[in-house]
Amino acid sequence: MGKPFGGVVLNSAFRVIVPFTIVYGIYVLTHGEFSPGGGFQAGALLAIGVVLARLVQGQDTKFNIKGTHAVMLAGVGAFIYALTGFLPMFFGGNFLEYAYLPVHMHEAAEVHALGILMIEIGVTLTVMMTIIDIMDALVRESDSDE
């Protein structure tokens, strides 16, 4: 993938599609508790935005995340998920029992919603970066074949 595939039509379509894909991915992440969707779907949508940006504009696009950063950020997402799950255990609760999170809010429903959002952020980050890393591995493999 040394050269971008961009042309006049692709660049015009890219400027419309990718921002909407990224905004919709963030919408799915933030409303995943109340509607269909959540961490996995949001991560896939955000990764597709990065993949489309790379395909159309090449490696020097603004929406690019390098492979080494993708692996580290996937680990950060897994850490956020694990921390949100294990943190209540240190405060007298069970695994993923959000009521025991060390956050002071007025309503228990707010703490529960915050716990679910943290889980979904961790899953989104992990899925997004894993898809980007898989794409990087495939591109490296196909570049070495040529």
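Side-chain atoms are counted along with the backbone in the values below, which use heavy atoms only and exclude waters and symmetry mates.
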Trainee: Ignoring hydrogens, what is the shortest heavy-atom contact between Leu87 and Phe91? Give both atom names and the distance.
Mentor: O-CD1, 3.2 Å
Trainee: Could you check whether any side-chain heavy atom of Met118 comes within less than 4.5 Å of a side-chain heavy atom of Leu83, counting everything from C-beta outward?
Mentor: no
Trainee: How long is the gap from CE on Met128 to CZ on Phe40, to the nearest 0.5 Å?
Mentor: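 Those atoms lie 13.5 Å apart.
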Trainee: Looking at side-chain heavy atoms only, is the closest gap between Met129 and Ile132 below 4.5 Å?
Mentor: yes
Trainee: Quick check: closest heavy atoms across Ala42 and Gly25, and the distance to 0.1 Å?
Mentor: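 Looks like CB-O, 3.3 Å.
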Trainee: Considering non-hydrogen atoms only, spot the tightest contact between Met89 and Phe95 and give its length.
Mentor: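 The answer is CG-N, 3.7 Å.
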Trainee: For residues 111-140, pull every pair meeting ring pair (Phe, Tyr, Trp, His ring centres under 6.0 Å), keeping only residues two or more places apart or in separate chains.
Mentor: Tyr98-His112
Trainee: Can you see which heavy atom on Leu45 is nearest to which on Thr21, and at what distance?
Mentor: O-CG2, 3.3 Å
Trainee: Please report the interatomic distance CD(Glu120) to CG(Leu125), rounded to the nearest 0.5 Å.
Mentor: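 The CG atom of Leu125 is 13.5 Å from CD of Glu120, to the nearest 0.5 Å.
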Trainee: Got a second to check how far His69's NE2 is from Asp136's CG, nearest 0.5 Å?
Mentor: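 So the gap between those two atoms works out to 11.5 Å.
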Trainee: Among Ile17, Asn11, Val18, which residue meets the side-chain contact (heavy atoms from CB on, under 4.5 Å) test with Val56?
Mentor: Asn11
Trainee: Hey, does Ile26 have a side-chain heavy atom less than 4.5 Å from the side chain of Leu46?
Mentor: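 Side chain of Leu46 against side chain of Ile26, heavy atoms only: contact under 4.5 Å found.
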Trainee: Counting N and O atoms only, with roles assigned by atom type, does the side chain of Thr126 sit under 3.5 Å from a partner on the main chain of Ala78, one being a donor and the other an acceptor?
Mentor: yes
Trainee: Answer yes or no: is there a side-chain heavy-atom contact under 4.5 Å between Leu96 and Ile119?
Mentor: yes
Trainee: What pair of heavy atoms forms the shortest contact from Val123 to Gly39, and how long is it?
Mentor: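 Looking at all heavy atoms of both residues, the closest pair is CG1-C, 3.7 Å.
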Trainee: Can you name the closest pair of heavy atoms from Val71 and Asp133 and give their distance?
Mentor: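 Looks like CG2-OD2, 3.5 Å.
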Trainee: Nearest 0.5 Å, what's the CD1-CE distance between Ile65 and Met135?
Mentor: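 Separation between the atoms: 11.5 Å.
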